[in-house]
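Working notes, structure below.
In each ligand, atom 1 is the first atom listed, and ligand 1 is the first ligand listed. Counting begins at 1 with the first residue of the sequence.
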Amino acid sequence: MSQPQYLTGQREALQEFLSKYDIFLFDCDGVLWSGDHLFDGTVATLEFLRASGKRVVFVTNNSTKSRKDYCKKLEGMGIPATEEEVFGSSYSAAIYISRILPQRHPELKSKPKVFVIGESGIEQELDSENVPHIGGTDSSLRRLGINPEDYTKIAAGDPSVLDPEVGVVLTGLDFHFNYIKMCLAYHYIKRGAIFLATNIDSTLPSAGALFAGAGTMAAPLTMMLGGTEPVALGKPSQAMMDAIEGKFKFDRSRTCMVGDRANTDIKFGLEGKLGGTLGVLTGVGTKEEFTEGDTRPHFYVDRLSDLLAAKEA
Ligand SMILES: O=C(O)[C@H](O)[C@H](O)COP(=O)(O)O
Ligand SMILES: [Mg+2]
């Protein structure tokens, strides 16, 4: 397996690297920022790339925000962006549910609703595709524990707690995850609902450390279901890559994926047969993973702003 080329501090190698690509797909968490902490030089680097005629698309697995929310976050951090330049796992899942799934599962016509475990980003993107949904940020589900009547009603399939029109369960990063949501999702799936996830990242980088990722919302269901894994629509899913290519019509050979996580971002770029992948060491991935792991980027740098060294003096 080839060794990735380390580019930090290598002006000529960085210039040659940049000359290979017209479009950069940018992961967000762990590359541009850690939570709400913007990494130094991020704005200058994106401005440099855009001034050099490069196209920038933000491709994030973070399903808590919609494209509109991400535009606000990016603008707030001094990074101009349009909704057209943002592609998140919530949007990828919403497109899949509204446009791909009905072709494969005609039975969903009578079960159009999605039971959501996740935050507002998923609800907004399902709304953008006119997909009806329940759960999510519903305050009646943001409670601790479970009542005796919950047990009896769920066990009996009472339609007042198990909506008979739910045909899909979609999990994503949920900061209000709890027992009742898990039990409802399990019973929907046992009753035939299709098990999907926006993404199954194990951890979430924030404040320079790691926290529970979206995958930890799906994992308990997989255990309860005896090992059944969800179909995940975020990176590295090629359904997401195909949707992005369909929207931006880019030349894959002239496109580079920039990310901090080997098993999502780098795998996404490699399996998508992009012209290149660049790992950055400011998020989840480590130098050992990038240089000795099973999924290695073509290139890697310590931090995104190292690309600025390519600028002519
Ligand atoms: O747990 C998660 O959902 C992920 O850690 C997080 O959302 C990753 O976001 P990305 O690095 O793809 O921007
Ligand atoms: Mg990331």
Side-chain angles (χ1 to χ4, degrees), residues 24-39 42 46 56-67 69-74 77 79 81 85-93 116-122 124-125 136 170-177 196-220 222 230 232-241 243-244 256-269 271-272 277-286 289-290 295 297 300-304:
F24 288 84
L25 305 183
F26 270 102
D27 172 52
C28 299
D29 289 343
V31 171
L32 307 178
W33 53 60
S34 185
D36 290 329
H37 168 70
L38 183 70
F39 294 136
T42 295
L46 293 173
V56 167
V57 180
F58 301 102
V59 182
T60 178
N61 268 5
N62 192 314
S63 61
T64 62
K65 290 182 174 64
S66 62
R67 288 160 294 161
D69 293 337
Y70 261 105
C71 282
K72 281 193 204 122
K73 177 167 185 175
L74 287 160
M77 290 191 159
I79 304 169
E85 292 173 315
V86 181
F87 209 100
S89 60
S90 286
Y91 184 49
S92 178
V116 174
I117 289 184
E119 300 289 341
S120 161
I122 296 180
Q124 290 177 60
E125 298 296 13
L170 177 64
T171 65
L173 186 55
D174 188 337
F175 299 119
H176 306 83
F177 188 51
L196 302 178
T198 57
N199 61 306
I200 50 172
D201 294 53
S202 55
T203 53
L204 167 74
S206 192
L210 297 178
F211 297 85
T216 62
M217 280 82 220
T222 295
L233 283 312
K235 299 167 287 184
S237 159
Q238 291 307 306
M240 189 180 202
M241 182 68 81
I244 293 171
C256 181
M257 178 71 207
V258 183
D260 67 296
R261 190 190 287 262
N263 68 351
T264 55
D265 305 316
I266 306 306
K267 187 174 180 186
F268 182 64
E271 292 188 348
T277 51
L278 174 71
V280 293
L281 294 171
T282 45
V284 175
T286 64
E289 283 170 348
F290 287 160
T295 306
Y300 74 102
V301 287
D302 291 342
R303 61 191 62 75
L304 180 64

Q) Cut-off 3.5 Å, side chains only: do Arg261 and Thr203 have a donor facing an acceptor? A)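 Side chains of Arg261 and Thr203: pair found under 3.5 Å.
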Q) With distance as the sole criterion, is a donor-acceptor pair present between the side chains of Thr60 and Asn62 under 3.5 Å? A) no
Q) Of Asp265, Asp302, Val31, Leu32, which meets side-chain contact (heavy atoms from CB on, under 4.5 Å) against Val280? A) Val31
Q.
Run the side-chain hydrogen bond (donor to acceptor under 3.5 Å, both in side chains) test against Asp260 and tell me which residues pass, sequence neighbours left out.
A. none
May I have the list of side-chain donor-acceptor pairs in residues 205-216 shorter than 3.5 Å, sequence neighbours left out?
{"residue": "Thr216", "atom": "OG1", "partner": "Gly213", "partner atom": "O", "Å": "2.6"}

Using a cut-off of under 3.5 Å, which N/O atoms of ligand 1 pair up with protein N/O atoms, and what distance separates each pair?
{"residue": "ligand 1", "atom": "1 (O)", "partner": "Ala214", "partner atom": "N", "Å": "2.8"}
{"residue": "ligand 1", "atom": "3 (O)", "partner": "Asn199", "partner atom": "ND2", "Å": "3.0"}
{"residue": "ligand 1", "atom": "5 (O)", "partner": "Thr203", "partner atom": "O", "Å": "2.6"}
{"residue": "ligand 1", "atom": "7 (O)", "partner": "Asn62", "partner atom": "N", "Å": "3.2"}
{"residue": "ligand 1", "atom": "9 (O)", "partner": "Asp29", "partner atom": "OD2", "Å": "3.2"}
{"residue": "ligand 1", "atom": "11 (O)", "partner": "Asp27", "partner atom": "OD1", "Å": "2.7"}
{"residue": "ligand 1", "atom": "11 (O)", "partner": "Asp27", "partner atom": "OD2", "Å": "3.1"}
{"residue": "ligand 1", "atom": "11 (O)", "partner": "Asp29", "partner atom": "O", "Å": "2.9"}
{"residue": "ligand 1", "atom": "12 (O)", "partner": "Asp27", "partner atom": "OD1", "Å": "2.7"}
{"residue": "ligand 1", "atom": "12 (O)", "partner": "Asn61", "partner atom": "N", "Å": "2.7"}
{"residue": "ligand 1", "atom": "12 (O)", "partner": "Lys235", "partner atom": "NZ", "Å": "2.8"}
{"residue": "ligand 1", "atom": "13 (O)", "partner": "Asp27", "partner atom": "OD1", "Å": "2.9"}
{"residue": "ligand 1", "atom": "13 (O)", "partner": "Cys28", "partner atom": "N", "Å": "3.3"}
{"residue": "ligand 1", "atom": "13 (O)", "partner": "Asp29", "partner atom": "N", "Å": "2.8"}
{"residue": "ligand 1", "atom": "13 (O)", "partner": "Thr60", "partner atom": "OG1", "Å": "2.6"}

Q. Within the side chain of Thr277, is there an N or O that forms a donor-acceptor pair under 3.5 Å with the backbone of Gly269?
A. no
**Q.** Flag, side chain of Ser34 to backbone of His37, donor-acceptor distance under 3.5 Å
**A.** no
**Q.** Aromatic plane relationship, Trp33 with Tyr70 - under 30° parallel, 30 to 60° tilted, over 60° perpendicular
**A.**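 Answer is parallel, since the angle falls under 30°.
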Q: Sum up the protein N, O or S atoms located under 2.8 Å from the Mg ion (ligand 2).
A: 3
Q | Neighbour count >12 (heavy atoms, 6.0 Å) for atom NZ, Lys267 | A | no
